[in-house]
Amino acid sequence: MGLDTSRRGFLKGGSVALGAAALPFLKFMPAQAAGDDVVVVVMGQTINSLDLHRTGTNRPSYQVAVNCYDRLVSFGTKTMPDGSLSYDYSTIVPEIAESWTVSDDGKVLTFRIKPEAVFQDGSKVTAQDVKWSFDRAVSVGGFPTTQMAAGGLLRPDQFAAVDEATFTVTLDKPSKLALPDLAVPVPFILNSKIAKQHVTDADPWAMEFVHKNTIGSGAYKVVRWDPGQQLVYERNDLWTGGPLPGAKRVVLREVPSQATRRALIERGDVQMSWNIPNKDASELDGKVEVYSTPIENAIYVVSLNYNFEPFQDPDVRKAVAYAIPYEEIFKTAAYGRGVPMWGGSGIETIDWPQPSPYVFDLDKAREHLEKSAFAGGFDVPFSIDLGQSDWMEPTALLIQEQLAKLGITSTIDKIPGANWRTASLVEKRLPLALETFGGWLNYPCYYFFWAYQEGHLFNSSNYANPEIEQLVAETLDLPVEHPDYAPKVKRMFEIAFEDLPRIPLFQPALSVAMNGATGYEYWFHRELDARKLAKG
Amino acid sequence: MNRRLRAVLARLAQALPVILGVVLVSFLLTRALPGDPAAYFAGDAADAASIEETRVKLGLDRSMPEQFGLYVLQLAQGDLGQSLTTGQPVVEELARRLPASLELTLVALLVSCGIAVPLGVLAATRPGSWVDHACRLLVTAGVSLPTFFTGVALIYVFYYLTGWAPSPLGRLDFIYLEPPSVTGFFLIDAALAGDAETWFAALRQLILPAATLALFTLAPIARMTRAAMLSALSSDYIRTARAAGLTSRKILFGYAFRNALLPVVTTLGMVFSFTLGANVLVEKVFAWPGIGSYAVEALVASDYAAVQGFVLCMALLFVALNLLIDLAYSMIDPRIGFDSK
């Protein structure tokens, strides 16, 4: 392991309370007294790499890219109605770039890098580092390359280091997605001088080294990583991307059992519990600080597969939509956390997600079913993901009960982790399933691109509609302010609600509990951003 | 002694086909898992092309015999491959996690034996008395409570309500650092390093999970001790010993107990193996970084290398355990010839 700090060095390097003088009392010291500037966070998942670009890096590990690296730009911060902080999709702010300009044809983005920006080792951040990092992101394949492509960043020849402080991105066509795509965790900037020392013929992008070492200019560096147990961030006092975090150290402990995490946060031995279930969120509210933020551009849906014969009938699809007990699902599965997505009164805005016009009405459901060719009902397997059973299981049971009243017999089929993705998203073979997708880039057209376009990954319904294909293609790169944008997007919503490949249930929320720390900020990537964390 | 050594070597040689079988079967079984690791590890927004890229990177596009050949070749060099879920070499991971599981299981079994064996002996000498009934009650309660329930209940009482136990955060609270690794057993390593604070810290973390497991394993050991003692006490040689006027102490421990030990040791071996498996739930509740939770995570994600490594490691462990138990037999009862088996 490249990053083990020595035992004693770790203790000495800590806060004053962790200094050598405190050592004899260590065994009497409760966790909360570990230091005024140490924040302890618990989560149920595991960090499996320090490098987002690596094949197989899981979602929770994306936070390392956020906390230990900078990007050219970032999103701003806004205060939510409940007083909590959220990232602000509508403003792009500097991170390592000081300023940027867009050429008149919208194709060339020129960034000036902050002259004071330095990596953790004190060396200057140059345009060459940015170029190397971007080349890496579009070359390694897999998720990072896909995400870069979403913003029109496809090939190394699009990136150029003009001089030490000037970096340009040249797009094939202007797109509103390009700049926000530079603010997602993927295009993070590595210290290419250090990385290149670890390059081999078999490993041209230093994947093995960056997997275990953080070589960025970000707010923190990882000083200790015990896979499966903990990750320790230490503040990088040389950070120039924003105001220095109040916490000197953030200790991230992996605790698989939810009951244990809850006991820890209630007792106050840890300051933050990441991604708590809705049930705990509603019960803990008031005892400790609980933040539930609706996840932008995300919906929990019932997916009806167009390859399954009964669901090819529009009346059957509507019958199902009217047979879903929305209110009850929202109360039982979401504990009221999130935003209802049913009973809408018409498409007036281009906000997404927005409520569908459907409500729970069994009479209407029967009417539609009788009009269809399947008036007598049919049998269908109802598939759910074992890993998301906390909301999927109650939801499926409630829907199953109502469908039975229509004569639609469903059997619930629980599918474990690795099989779920294959069955639902890759093979798209599940006739009736629960699904969730959230787009990082907060545009309705982006959501439709992934979830409604033919053959695209999150279109688990095998839905294909030529008009949708055309509308998505037309709106994807179009600026939101363009006069054509709103009417086209509204038309997409209309078709989606009429064709119903996905029946919206509710917009989920991300809940986080805090006890003795401040500075939680919601981000679209739904992982811990520790850059504003402080004790207190 | 020389003969015994040769016998041990012969036993080890017998284990070889077992190991080879395990290598082949674990390879085939992991491939038979229905999931597609390439789709799983390609990430959230992967399309068909990037899934294919991932497949090539993982070497899963090759034919099965080719994959197996590569696996055996790696294995011969002591390389179990790289786990995808944790991003670490499987060997490193097992080396770190196996001692954690073993430490927990062994401490639990020591505690369990310390209670169950005397309890069983006591119950056998006074069958039908209140001691016998109390023993039955305790072990039934212990075995009928699932470990995750006992674990959560213990945390609730001793950590959440009273605050006597330390935070259930794995092997050490985060303010301590692991003792320099020699055996991987924190209690032993801390003692070797002469670090009393860490030793106590590690012990405090161990108490609740070990108690949870111990409670679960009391039943088979206590019941087996009682039954074996009862049959030993009613046998002819005990009657003879009594008739010869030996002290009851000598009869009980010198003759009856020694003869009763054999089935108890056999049970202990079985209990040890199933406890190592039952660990999973306890590991989850106490955030214990053991191999049980590692294997379960790997299985869920179709993480081939990790699953194969785990199965192989357990197979080796059981071969060693069986050998150990056989050796213990011949020590307890010299009549059992080791080499004649």
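We name chains A, B, ... by the order of the sequence lines, and we start the count at 1 in each one. Values below: all heavy atoms of this structure, side chains included; hydrogens, waters and symmetry mates excluded.
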Cation-pi, Y159(B) ring and R267(A) (6.0 angstrom, 45 degrees): yes
Heavy-atom contacts under 4.5 Å, residues 288-298 of chain B to chain A: P289(B)
4.5 Å side-chain heavy-atom contact, L169(B) and V42(A): yes
Between T86(B) and N48(A): side-chain donor-acceptor atoms closer than 3.5 Å: no
Heavy-atom donor-acceptor pair, S167(B) side chain to D269(A) backbone, under 3.5 Å: no
Residues which pass side chain to side chain contact (heavy atoms under 4.5 Å, CB included) with L52(A), listed by chain and number, not counting sequence neighbours: Y62(A), A65(A), F143(A), P185(A), V186(A), F188(A)
Contacting region of V152(B) [heavy-atom separation from chain A under 4.5 Å]: side chain
For A305(B), all residues meeting side chain to side chain contact (heavy atoms under 4.5 Å, CB included), sequence neighbours excluded: V90(B)
Minimal non-hydrogen separation, R97(B) against P227(A), with atom names: NH2-O, 4.2 Å
By side chain to side chain contact (heavy atoms under 4.5 Å, CB included) - contacts of I188(B) (at least two apart): T183(B), F185(B), L192(B)
Closest non-hydrogen atom pair between P256(A) and A287(B), with its separation: CD-CA, 3.7 Å
Pair K284(B)-Q258(A), side-chain contact (heavy atoms from CB on, under 4.5 Å): steps then yes or no: CA-CA 9 Å; K284(B) 292 253 178 209; Q258(A) 174 47 39; over 6 Å; no
